[in-house]
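One structure is given below, encoded as structure tokens.
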Amino acid sequence: MKKIFIIGLFLVVANFAQAQEKIEWLKFEEAVAATEANPKMLFVDVYTDWCGWCKKMDKETFTDPAVIKYINENFYAVKMNAEDDKRTFDFKGKKYSEAKMAATMRVQSYPNFVIIDPTLQNITQLPGYREPIPFLDGLGQIVHNGFGTK
């Protein structure tokens, strides 16, 4: 019985530790529903499958523990493929594909990080590849100074 308790405790601790080892990516509509229930900004990583800098962000910046912690604490994080016309979702009474939503958000380069306020009204962009510290600095300016920074 004692072994079962110890194994169970280990699994709980391991699951908790694992939860902070990666960004908690959601689909756009899941993030919208989450912010309606518990207001938080949305962080949308707009990427393409062919984008080398997008893959570098995934491999280097989005695996950095400080970046993971900051994004998970301050945002609902979304990955959006700017060329995906197949997966659709509803937003504010209209149907969008990921490609159409990326175009609606005026994303023209990749990677591009779109920040949407908790009211789902105002957005700003943080375009281009960034290493962890400059990336956190850019996000920090947006979070602490509002959406005036582009």
Side-chain angles (χ1 to χ4, degrees), residues 9-92 94 96-150:
L9 182 61
F10 174 76
L11 291 174
V12 168
V13 170
N15 281 337
F16 178 76
Q18 183 181 9
Q20 287 301 308
E21 290 179 12
K22 62 181 183 173
I23 294 172
E24 298 168 17
W25 297 108
L26 303 172
K27 292 181 176 162
F28 187 81
E29 63 274 21
E30 294 170 338
V32 168
T35 202
E36 288 172 350
N38 181 28
K40 212 179 204 186
M41 287 182 282
L42 273 61
F43 171 86
V44 184
D45 172 19
V46 184
Y47 71 95
T48 65
D49 291 333
W50 52 262
C51 170
W53 290 110
C54 300
K55 292 174 184 175
K56 190 171 174 80
M57 281 295 296
D58 286 340
K59 185 177 180 184
E60 297 177 10
T61 304
F62 291 150
T63 58
D64 182 272
V67 171
I68 293 166
K69 183 176 188 225
Y70 193 80
I71 289 178
N72 285 343
E73 287 178 0
N74 292 285
F75 300 94
Y76 293 114
V78 174
K79 277 213 168 275
M80 183 174 291
N81 185 337
E83 297 179 326
D84 184 350
D85 282 319
K86 294 179 183 166
R87 197 183 84 72
T88 61
F89 54 89
D90 292 323
F91 179 62
K92 294 188 175 186
K94 294 182 181 176
Y96 291 89
S97 66
E98 290 190 2
K100 185 176 179 183
M101 180 57 76
T104 300
M105 293 188 294
R106 298 183 180 162
V107 172
Q108 298 177 2
S109 63
Y110 313 103
N112 202 320
F113 312 102
V114 178
I115 313 302
I116 304 173
D117 77 0
T119 67
L120 305 173
Q121 298 297 318
N122 301 306
I123 69 169
T124 193
Q125 294 183 15
L126 190 64
Y129 170 80
R130 293 163 196 251
E131 293 180 352
I133 291 172
F135 182 71
L136 287 173
D137 289 345
L139 281 180
Q141 287 179 0
I142 292 169
V143 169
H144 297 296
N145 298 332
F147 288 99
T149 307
K150 293 236 178 198

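- A donor-acceptor contact shorter than 3.5 Å links the side chain of T35 to the backbone of K40.
- In this view, D90 and K95 satisfy the salt bridge (Lys or Arg N to Asp or Glu O under 4.0 Å) rule, not counting sequence neighbours.
- Taking each heavy atom of Y76 and N38 in turn, the nearest pair found is OH-O, 2.8 Å.
- The shortest side-chain heavy-atom distance between L126 and F135 falls under the 4.5 Å cut-off.
- Considering only heavy atoms from C-beta on, L120 comes within 4.5 Å of L42 through its side chain.
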Using a 3.5 Å cut-off and no angle test, enumerate the donor-acceptor pairs between side-chain atoms of residues 100-113 and protein atoms at least two apart in sequence or in another chain.
| residue | atom | partner | partner atom | Å |
| --- | --- | --- | --- | --- |
| T104 | OG1 | K100 | O | 2.8 |
| N112 | ND2 | Q125 | OE1 | 2.9 |

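- Residue E21 comes nearest to I68 through the heavy atom pair O-CD1, 3.2 Å, listed as atom of the first residue, atom of the second, then distance.
- Although no hydrogens or angles enter the test, the distance criterion places no donor-acceptor pair under 3.5 Å between the side chain of N74 and the main chain of M41.
- Scored by the side-chain hydrogen bond (donor to acceptor under 3.5 Å, both in side chains) test, E29 finds R87 as partners (sequence neighbours excluded).
- Relative orientation of the W25 and F43 rings is tilted, given thresholds of 30° and 60° on the angle between their planes.
- Here the side chains of I115 and L139 are in contact, with some heavy-atom distance below 4.5 Å.
- For residues 119-137, no residue pair satisfies the salt bridge (charged side-chain N to carboxylate O under 4.0 Å, His left out) rule, not counting sequence neighbours.
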Checking side-chain contact (heavy atoms from CB on, under 4.5 Å) for the pair Y96/T88: CA distance, chi angles, key distance, verdict? CA-CA 5 Å; Y96 291 89; T88 61; over 6 Å; no
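- Partners of F28 by ring pair (Phe, Tyr, Trp, His ring centres under 6.0 Å), not counting sequence neighbours, listed by chain and number: F89, F91.
- Residue pairs satisfying the side chain to side chain donor-acceptor pair (under 3.5 Å) criterion with at least one member in residues 58-68, sequence neighbours excluded, are listed as follows: K56-E60, D58-K79, E60-Y129.
- Atoms CE and OG, from M80 and S97 in turn, are 9.0 Å apart once rounded to the nearest 0.5 Å.
- Remark: side-chain polar atoms of E98 are not paired, donor with acceptor, to backbone N or O of D84 under 3.5 angstrom.
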